[in-house]
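Naming convention: chains lettered A, B, ... in sequence-line order (proteins, then strands); numbering from 1 in each chain.
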Amino acid sequence: MKEISEEERKWLERLAEPVAELKHIALDIEVYNPKGVMPQPENPEYPIFIISLCGSDGLKKVLVYNLRGDIKEEDIEFDKFEVEVFEDEISLIRRALDIIRDYPILITFNGDSFDLPYILARSKRLGFMEVGDYIERGKNEFRISWGIHIDLYKFFKNVSIKTYAFSGAYDVISLGSIARALINKDKKELPGYFDDLPMKDIIEYGYNDAEITLELTQFNDNLVMKLIVIISRISNMTIDDVTRLSVSNWIRNRIFYLHRIKNYLIPRPDEIREKKWVRHFQPVTKGKKYVGALVIDPKPGIHFNVVVVDFASLYPSILKEYNISYETVNCPHKECMSNLVPETTTWICSRKKGLISEFAGIIRDIRVNVFKRLSKDENIPKAQREFYGVIQRALKVIINALYGVIGADTFQFYYLPAAEAVTLYGRYVIKKAIEKADEMGLEVIYGDTDSLFIKNPDVEKLDNLVTYIKDRYRLQLEIDKIYKYTVLSSRKKNYFGITDNGIVDIKGLMGKKSNTPPYIRDIFYQILDKLRTVEDIGQFKVVKNDIIKIINEAESKLISKDIPLEELVITVTLSKKTDQYTKTTPQHVKAARMLERALGIKLQPGHMIRIIKTKNSEGVAPIELVKSLDQVDSKKYIELLHSTLEQILEVLEIKVNRRRKIATIDENRMSLDKFFKF
DNA sequence: TATAGGCATCCCACCCTATAGAT
DNA sequence: ATCTATAGGGTGGGATGCCT
């Protein structure tokens, strides 16, 4: 391993310091609201009647205010937890606050927007003013006076945490969905409103929420708590802030710190903006700020024995190797002005190492060379290994975001020429790699950003290419995977392949997308399953017939509507409130508005709308309002089936004739001959 | 109080033109 | 012969979900 500096070593040791077991308690409240009315902290007119508490030390308690006066002995007998009953609301709240005061960390799910503000506001309304000694209103959060309040909702909502720490395992940010994804537990749902339910059920429900909330911090040997502490060490931020702010804030804070230890002045954003500010190329996508990655036109066809090589951490490596940082790109030194980024007038400092560049290098090195290695070292006890794994993941979150934040105009050290320099170097090296491959007689059939698909390569030539790139550009090419065969169409970011170990790898195809109806997705996977077995070109002929049979049956079923409604549902995310769609009204928004009218509710952003294509004037309806299969528009589903399958079948020379019109389905039952040309 | 850009797809919203029917 | 309503084609771009 390369020598590391004293500074790096100190940081490394600090990161690896064991995380203390932090005593914490989860809290969840229930407010006795009438049917259909959401309790609002701004107007706390309804009483708090249940406070559930679950502590890391084993405390399990539900405090209940007997507001209906109907609690009987058997209502409060539970094996799992203890119940305390109170005859007035203030006593209930006071008791809860006294208990949680013994814990330095309070855990909630939505505590910033509901539980804590409601307790605060309700107590004040009741005249229990001492509550102010416990709960304090912050700018965008609610704090506890004696310790730390973590709102897990905000933490799990963080995009970096969601995508990089948990690989996007959950999509909806709710206690139920996250619990199912991460701890494989189902949140209990109440079968009705509080008014109609026995107290015993409500109490159990309340406890369940607090228990799940606590477990979200404890699974995998306190993974979440450790992750929070590690990110706090990387970013030099308090736990309160780490759990509420995004990755750009974590990085910003770390970079502040790097300035301080080097005695550098921290520039204001407008000072960076006064530097030379040139954009050299139009972005490919309209509305973007600068040009991004290069995607190679795929060579359509079936390709056997394809080796995929990619640049290891391309953008972080470029940041490090090419000294890119907000202050080194277009630096003030005259002598650096000849050190140009290819095809631009942007120059890069050759006198001083850039802060961000150095940061990228340190993180990349200690992640790969230290923590990743330690996390796989069999000689280290398992628990310790897993801890190193957590550190490695936290570093990955940071390194993955580093290039992105430089190109984000909300970031304190945003500098467009620096971001553009990264992507331009990326485009440059991948082009050079392809040129070299061509020269060596290696056939590149596709590539995206940092990868090259090389058909049937000679091993020695491949080695030479890797060496060439390493020597010439200081970047590491490595083999990512090998496809027994891969099927490319003319579409970029759309292909599938069967790896050498028999895994079907699907990228970007419609059949895989979450907004494809389950029925069509299933047909799609059935076809891919047939293709999985293919070893050579001759076997395609055999499976082709099976595939045609599958499609034929699927069409028949769609026409005769012999499919459960659930299988035809198209799930789409509502990303804004329904009245905020002003330019167009997409189908799912039409359906969402219908649902809002029918149920008298307001749907919130993030809600998954489940639509069915129907024969009404709108052409769509939410599944909740579709009474019978007769309303289903079979024609639309057949069109959808065809366009989904076309992506894989056109290359296999099974042509789906999409333009064909189907006037009336009954009389015009399509035969295969009409649909496929061989 | 959003880390980046590139790409495929569906379909809405709008413009234009061909056509049938009205004047 | 000219005008008008309407259907259908063409197109640009909004929205979503994906890839790296």
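The nearest heavy atom of DNA chain B to A/T410 and to A/K289 marks one nucleotide each, and the one closer to the 5' end goes with A/T410. Nucleotides of DNA chain C nearest to A/K286 and A/V589 differ in position, and the one nearer the 5' end is that of A/K286.
Among the heavy atoms of the strands lying under 4.0 Å from A/V159 is at least one base atom, whether or not backbone atoms are also near. When heavy atoms are screened at a 4.0 angstrom cut-off, A/Y315 is found touching no nucleic acid atom at all. Note on A/K576: only backbone sugar-phosphate atoms sit closer than 4.0 angstrom, heavy atoms only; bases stay farther off. Nucleic acid contact class of A/V291 (heavy atoms, under 4.0 Å, all strands): sugar-phosphate only. Contacts of A/T285 with the nucleic acid, taken as non-hydrogen atoms under 4.0 Å apart, include base atoms. Note on A/K154: nothing from the nucleic acid sits closer than 4.0 angstrom, heavy atoms only. Using a 4.0 Å heavy-atom criterion, one finds that A/S575 contacts the sugar-phosphate atoms exclusively. Using a 4.0 Å heavy-atom distance criterion, A/G292 is classed as a sugar-phosphate-only contact. Within the nucleic acid shown, A/T423 has no heavy atom closer than 4.0 Å to any nucleic acid atom.
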| Pairing pattern in dot-bracket form [Watson-Crick, G-U; both distances under 3.5 Å; | = partner strand] for DNA chain B | ...||||||||||||||||||||
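Here B/dT3 presents its P atom at 20 Å from OH of A/Y326, a figure rounded to the nearest Å. Rounded to whole angstrom, the span from the CZ atom of A/R427 across to the C1' atom of B/dG6 amounts to 10 Å. Straight-line distance from the CD atom of A/Q412 to the P atom of B/dT3: 15 Å, rounded to whole Å. Between the CG atom of A/L641 and the P atom of B/dC10 there is a distance of 12 Å, given to the nearest Å. With rounding to whole Å, A/D151 atom CG is found 12 Å from B/dT1 atom P. Rounding to whole angstrom units, NZ of residue A/K396 and P of B/dT3 are separated by 18 Å. The interatomic distance linking A/D633 (CG) with B/dC10 (C1') rounds to 15 Å, in whole Å. Straight-line distance from the NZ atom of A/K590 to the P atom of B/dC10: 16 Å, rounded to whole Å.
Side chain of A/E327 to main chain of A/L355: a donor-acceptor pair is present (N/O by atom type, distance under 3.5 Å, no hydrogens or angles). Under a 3.5 Å cut-off, the side chain of A/Y483 and the backbone N or O of A/H303 do not form any donor-acceptor pair. A donor-acceptor pair under 3.5 Å is formed between the side chain of A/R521 and the backbone N or O of A/K513.
Of the residues in residues 577-584 of chain A, those placing a heavy atom less than 4.0 Å from an atom of DNA chain C are A/Y581, A/K583, A/T584, in numerical order.
In the set B/dT3, B/dT9, C/dA15, the nucleotide with an atom closest to the side chain of A/R491 is B/dT9. Distances from the side chain of A/Q587 to the nucleotides B/dA4, B/dC12, C/dT16 place B/dC12 closest. Distance from the side chain of A/Y403 is smallest to B/dA4 among B/dA8, B/dA4, C/dG17. With B/dT1, B/dA4, B/dC10 as the choices, the nucleotide that has an atom nearest any side-chain atom of A/N140 turns out to be B/dT1. Here the nucleotide nearest the side chain of A/K613, chosen from C/dG17, B/dC11, B/dA4, is B/dC11. Nearest to the side-chain atoms of A/A401 among the listed nucleotides C/dG17, B/dC7, B/dT3 stands B/dT3.
Taking side-chain N and O atoms only, A/S643 has a distance below 4.0 Å to OP1 or OP2 of B/dC10. A close approach under 4.0 Å does not occur between any side-chain nitrogen or oxygen of A/H588 and OP1 or OP2 of C/dA15.
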Tabulated below should be each protein N or O lying under 3.5 Å from an N or O of nucleotides 18-20 of chain C; please produce it.
unit_1	atom_1	unit_2	atom_2	d
C/dC18	OP1	A/S514	N	3.0
C/dC18	OP1	A/S514	OG	3.3
C/dC19	OP1	A/G508	N	3.2
C/dC19	OP1	A/K512	NZ	3.0
C/dC19	O2	A/K493	NZ	2.9
C/dT20	OP1	A/Y495	OH	3.0
C/dT20	O3'	A/D450	OD1	2.6

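Residues satisfying the ring-ring contact (aromatic ring centres under 6.0 Å, His included) test with A/F166, not counting sequence neighbours, are A/F156. Under the salt bridge (Lys or Arg N to Asp or Glu O under 4.0 Å) criterion, A/D529 pairs with A/R532, sequence neighbours left out. Residues meeting the salt bridge (Lys or Arg N to Asp or Glu O under 4.0 Å) test with A/E566, sequence neighbours left out: A/R610. By the salt bridge (Lys or Arg N to Asp or Glu O under 4.0 Å) test, A/K636 is found to be paired with no residue, residues two or more places apart in sequence or in another chain being considered. Evaluation of the side-chain contact (heavy atoms from CB on, under 4.5 Å) rule for A/T328 yields A/N323, A/S325, A/C349 as partners, not counting sequence neighbours. With sequence neighbours left out, A/E596 forms a salt bridge (Lys or Arg N to Asp or Glu O under 4.0 Å) with A/K602. Under the ring-ring contact (aromatic ring centres under 6.0 Å, His included) criterion, A/F155 pairs with no residue, sequence neighbours left out. Remark: A/T449 engages A/A293, A/Y315 in a side-chain contact (heavy atoms from CB on, under 4.5 Å) (not counting sequence neighbours).
Here side-chain hydrogen bond (donor to acceptor under 3.5 Å, both in side chains) pairs that include residues 421-437 of chain A, with residues two or more places apart or in two chains, are A/K436-A/E439.
Atom CG of A/L531 sits about 8.5 Å away from atom CD1 of A/I302, to the nearest 0.5 Å.
Considering A/R244, A/R143, A/K139 in turn, A/R244 is the only one that fulfils the salt bridge (Lys or Arg N to Asp or Glu O under 4.0 Å) rule with A/D112.
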